[in-house]
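See below for the structure under consideration.
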Amino acid sequence: GILIVPIGAIYSVLTYTNWFKEIQSWMIGYCTWGAFSFFFSGAIWYRLSITPNAASPLINTVLPSILGVDFGEWSLSEVSNDWAAALSIVFLFPSVASLLPASIVGFVANFILEEQFALKCSDEIDEKIVCFEGSEKCCDVISSHDFLSSYEFMGSFASNIIAMWAVIRILGYLMINASASLSLYVHRR
C-alpha cells in the first residue's frame, strides 16, 4: 500500500501524461515519504506482533523527537482495545513523522536536479559579463552548484527544515488534542 502507491503514481504520471518529462524533486520526496511511512509503521507493527506488552524504541525515541509528543509509559496491549488510537499510533503518527525525512530528501534532490543561477554584483568584478549603463557595477552569473555559493543552499536548507519540523510538531500537537481517546496515551512533550 503505502510503499507502492507513491512509486505507482509517479510512474503513471511520467509514463501516461505529458505533465513532466523527467523526475522532479517532489517525486523523490513523495517516494521517500512512502518508504519512511512504511518503515515506521512496519517497525511498530512488527513490535506489536512480537512483544505486544513491551514498549517500542521507535515509539519511545524517534517519533516523539520528530512529532514533539510523548507516548508515555503504557503497554501496547492497552491500545489494542481502542481501534482509533491504535490506528493513529501505527499509521497516522508515522505518516506525519515521515514528512521530515521526505522534506530533507526532497530539498536536497531539488538542489541536485535543478541548477539555479543568480547575479552577484559588485565594484570588484572586472569581467564585463553583465554591466549596467551609467553604473560602474558589473555582475557575474553564479551557479547554485558552485562550491563558493554553497552557503546559500545550506542556509535555506537549515531554515526550511527547521520550519518543516515546526509544522510537524504543530500537527502532532493538534492530533493529540483532537482525539479524546488518543490524548489518554499521548501527551505534549
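No experiment lies behind these values; they were computed from the predicted model shown.
- Using a 4.5 Å cut-off between side-chain heavy atoms of Ile, Leu, Val, Met, Phe, Trp and Tyr, Tyr16 falls into a hydrophobic cluster with Tyr11.
- Under the side-chain contact (heavy atoms from CB on, under 4.5 Å) criterion, Ile112 pairs with Val108, sequence neighbours left out.
- For Val13, the side-chain contact (heavy atoms from CB on, under 4.5 Å) test picks out Thr17, Trp19, Phe20, Met27, with sequence neighbours left out.
- Phe111 is not listed as a side-chain neighbour of Gln116, based on a closest heavy-atom distance of 4.5 Å or more.
- In this structure, Ile161 and Ser103 have side chains that are in contact, with non-hydrogen atoms separated by less than 4.5 Å.
- You'll find the side chain of Phe93 reaches within 4.5 Å of the side chain of Ile176, heavy atoms only.
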**Message:** Let's go through Leu92 and Met175 carefully: what are the C-alpha distance in whole Å and the side-chain angles of both, what is the deciding distance for side chain to side chain contact (heavy atoms under 4.5 Å, CB included) to 0.1 Å, and is it a yes or a no?
**Reply:** CA-CA 9 Å; Leu92 185 62; Met175 286 188 319; 3.6 Å; yes
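- Listed here is the closest heavy atom pair of Cys31 and Ile10: SG-CD1, 3.4 Å.
- Under a 3.5 Å cut-off, the side chain of Arg169 and the backbone N or O of Ser65 do form a donor-acceptor pair.
- Classification of the Trp33-Tyr30 ring pair by plane angle, with boundaries at 30° and 60°, yields parallel.
- Separation of the Phe153 and Phe107 ring centroids falls under the 6.0 Å cut-off.
- Qualifying side chain to side chain donor-acceptor pair (under 3.5 Å) partners for Asn160, counting only residues two or more places apart in sequence or in other chains: none.
- From Ile162, atom CD1 reaches atom CZ of Phe157 across 10.0 Å, with rounding to the nearest 0.5 Å.
- Under a 3.5 Å cut-off, the side chain of Asn110 and the backbone N or O of Gly106 do not form any donor-acceptor pair.
- Residues satisfying the side chain to side chain donor-acceptor pair (under 3.5 Å) test with Glu115, not counting sequence neighbours, are Ser143.
- The side-chain hydrogen bond (donor to acceptor under 3.5 Å, both in side chains) contacts involving residues 87-99 comprise Ser37-Ser98, where partners must be two or more places apart or lie in separate chains.
- Taking all atoms of both residues into account, the shortest heavy-atom contact from Ala109 to Ser25 is C-CB, 3.9 Å.
- Side-chain contact between Phe36 and Leu99: absent, with no pair of heavy atoms (C-beta onward) separated by less than 4.5 Å.
- With hydrogens and angles ignored, the 3.5 Å screen pairs a side-chain donor or acceptor of Ser159 with a backbone N or O of Ser156.
- Under the 4.5 Å side-chain heavy-atom criterion for Ile, Leu, Val, Met, Phe, Trp and Tyr, Met164 and Met154 are members of the same hydrophobic cluster.
- Contact detail for Ile28 and Val105: the closest heavy-atom pair is CG2-CG1, 3.7 Å.
- Looking at Leu174, Val167, Ile66, Ile168 one by one, the single match for side-chain contact (heavy atoms from CB on, under 4.5 Å) with Val96 turns out to be Ile168.
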